[in-house]
Number of protein chains: 2
Amino acid sequence: MNEVIRMYENPTADALLRAARTLFARLGYHGASVRAIAQEAGANLGAITYHFGTKGNLYDAVIGRVLAPSRERLAAAAALPAPPLDRVEAVVRAFFAFLAENPDLPQFIMQQLMGSRPMPEAARQTLQANLGLLAGLISEGQSDGSVRRGDAQMMALSIVAQPVYLTVAQPILREVLVVDQGEPEARSRLVESVVSFVRAALSADSERD
Amino acid sequence: MNEVIRMYENPTADALLRAARTLFARLGYHGASVRAIAQEAGANLGAITYHFGTKGNLYDAVIGRVLAPSRERLAAAAALPAPPLDRVEAVVRAFFAFLAENPDLPQFIMQQLMGSRPMPEAARQTLQANLGLLAGLISEGQSDGSVRRGDAQMMALSIVAQPVYLTVAQPILREVLVVDQGEPEARSRLVESVVSFVRAALSADSERD
DNA sequence: ACTTCATTCATACGTTCGTATGATAGGGCC
DNA sequence: GGCCCTATCATACGAACGTATGAATGAAGT
């Protein structure tokens with residue numbers, strides 16, 4: 001069955017990808033069985049072998065679909081004609097917006113980072129590119145004096161950590177804060193909180209050592 | 001086999017807990033099989049049934065052991081006689097120190113948050129307590145004017161996100177930054193970066209709106 | 001009408017999973 | 001020596017797993 005992955009689309013393959021995305025995000029790679037995925041997709045068990053060959057291939061296909069689109073979204077936000085700090089803010093907002101459309105993305109990012117299985121090359125590149133984007137803006141801001149001194153890459157990681165963590169931690173958020181990110185107004189409060197947190201953390205105004 | 005969990009310690013049970021901790025952290029709940037755990041522990045397969053009854057009980061026992069000790073460590077750091085902002089810094093440093101001793105802790109925190117399986121009540125309480133600790137310090141700082149305005153709980157989450165995320169993202173860190181957190185000096189640079197990030201983010205100096 | 005071919009389906013294979021159990025061993029106590 | 005009690009071990013069971021495969025289906029091309 002060393003079949004090459006088909007590139008054209010097919011309703012069944014699409015339904016499988018959609019179902020796999022849901023179940024992999026919720027249950028992890030090992031927790032989601034191919035049978036459960038096929039059933040959720042309303043497809044036959046054999047359809048997975050036919051369209052993707054193996055469960056691993058299916059997972060990699062899902063990862064590609066989930067991660068890749070983030071790249072141009074963030075790049076677009078970073079390309080605005082504005083001072084570096086404002087562009088960082090734009091990237092954070094774009095990230096949140098993208099997360100609102102793809103609430104399962106943080107789960108996949110975390111799964112990849114935690115190495116539940118070897119990271120596909122494409123995924124690693126996307127993650128790295130998004131990180132580099134932020135780091136570049138920070139460096140730029142440091143050059144023109146608007147951003148605090150410090151390791152730009154680490155600062156970028158500190159920034160990325162927040163949207164990802166806050167989305168994954170939604171269940172805790174809901175219990176502790178009684179904040180439901182489903183409601184747009186509650187979500188907006190969260191975004192504003194992170195944005196001002198990041199601005200304050202980066203801004204050169206607060207330099208003190 | 002509805003056996004109650006034994007409370008006294010036993011070398012085999014201990015080895016099982018240690019092995020389970022390693023494998024659950026690395027592979028997740030579903031990814032780590034009871035056979036692999038028993039083998040890693042040098043114990044017989046039946047020993048798991050005997051000492052813990054089920055795989056789920058074993059996992060819960062591991063979670064308890066991993067999460068619980070963090071609570072008093074952080075509480076001790078938060079109780080120092082110092083201004084709120086300095087105590088927040090102390091908590092962040094204590095958290096990093098605890099993470100250095102328990103590098104697999106972030107994996108478990110994330111697994112719990114991502115709901116790979118229902119969260120044991122004790123785990124939820126520990127997570128919530130640690131968050132409340134930070135939120136309390138922030139509120140205090142807001143009262144005496146040393147900390148920026150904003151939702152204290154959300155700020156606390158923004159803070160916690162960083163040590164957790166940075167530790168989980170170690171593989172990426174190593175590739176992108178060529179920073180090996182194993183080396184104490186590299187790790188110290190990371191800690192200092194986060195500490196100053198957090199101080200800058202919280203400090204009222206930078207208030208600007 | 002007949003062939004072709006991509007796709008769907010039922011079903012089977014071998015493996016590994018979590019769990020259960022009965023036999024065996026060994027140490028303290030009468 | 002006989003007994004209990006805790007612990008270890010080999011082994012077995014049924015279920016679920018990922019994967020494979022050959023027959024059925026149906027639309028397109030001739």
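A, B, ... follow the sequence lines: proteins, then strands. Residue 1 opens every chain.
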Quiz item: Looking only at side-chain N and O atoms, does A:N10 come under 4.0 Å of OP1 or OP2 in C:dT7?
Solution: yes

Quiz item: Does A:N44 have a side-chain nitrogen or oxygen under 4.0 Å from the phosphate oxygens OP1 or OP2 of C:dA10?
Solution: yes

Practice problem: List for me each residue that meets salt bridge (Lys or Arg N to Asp or Glu O under 4.0 Å) alongside A:E192, sequence neighbours excluded, and say none if there are none. | Solution: A:R93

Let me know the distance between [atom1] of [X] and [atom2] of [N], rounded to the nearest Å.
X: B:N57; N: C:dG18; atom1: CG; atom2: P; answer: 14 Å
X: B:I48; N: D:dC9; atom1: CD1; atom2: P; answer: 13 Å
X: B:F52; N: D:dT6; atom1: CZ; atom2: C1'; answer: 15 Å
X: A:Y50; N: D:dA23; atom1: OH; atom2: P; answer: 17 Å
X: B:L16; N: C:dG18; atom1: CG; atom2: P; answer: 13 Å

Practice problem: List in chain and number order the residues that pass ring-ring contact (aromatic ring centres under 6.0 Å, His included) with B:Y165, two or more places apart in sequence or in another chain; answer none if no residue qualifies. | Solution: none

Self-check item: With A:F108 via ring-ring contact (aromatic ring centres under 6.0 Å, His included) - residues at least two apart
Solution: none

Exercise. Please list residues of residues 21-42 of chain A whose heavy atoms come under 4.0 Å from any atom in DNA chain C, ordered by number; otherwise none.
Key: A:R35

Self-check item: Angle between terminal axes - the helix from C:dA1-D:dT30 to C:dC30-D:dG1, 5 pairs each end, rounded to 10°
Solution: 10°

Residues in side chain to side chain contact (heavy atoms under 4.5 Å, CB included) contact with [X], at least two apart in sequence or another chain:
X: B:E140; value: B:P84, B:R87, B:L137
X: B:R71; value: B:Q125, B:T126, B:A129, B:N130
X: A:A41; value: A:A15, A:L16, A:A19, A:A43

Self-check item: Nucleotide of C:dT19, D:dA7, D:dT19 approaching B:K55 most closely (side-chain heavy atoms)
Solution: C:dT19

Practice problem: For the side chain of A:T54, starting at C-beta, report the closest nucleotide among D:dC9, C:dT7, D:dT19. | Solution: D:dT19

Quiz item: So does A:D60 pair up with A:K55, basic N to acidic O under 4.0 Å?
Solution: no

Quiz item: Looking for any heavy atom pair under 4.0 Å, which part of the strands does A:L45 touch: base, sugar-phosphate only, or nothing?
Solution: base

Quiz item: Please walk me through it: do A:R148 and B:S196 pass side chain to side chain donor-acceptor pair (under 3.5 Å)?
Solution: CA-CA 10 Å; A:R148 242 183 65 231; B:S196 56; 3.1 Å; yes

Quiz item: Can you list the residues that meet the side chain to side chain donor-acceptor pair (under 3.5 Å) rule with A:N102, with sequence neighbours excluded?
Solution: A:R21

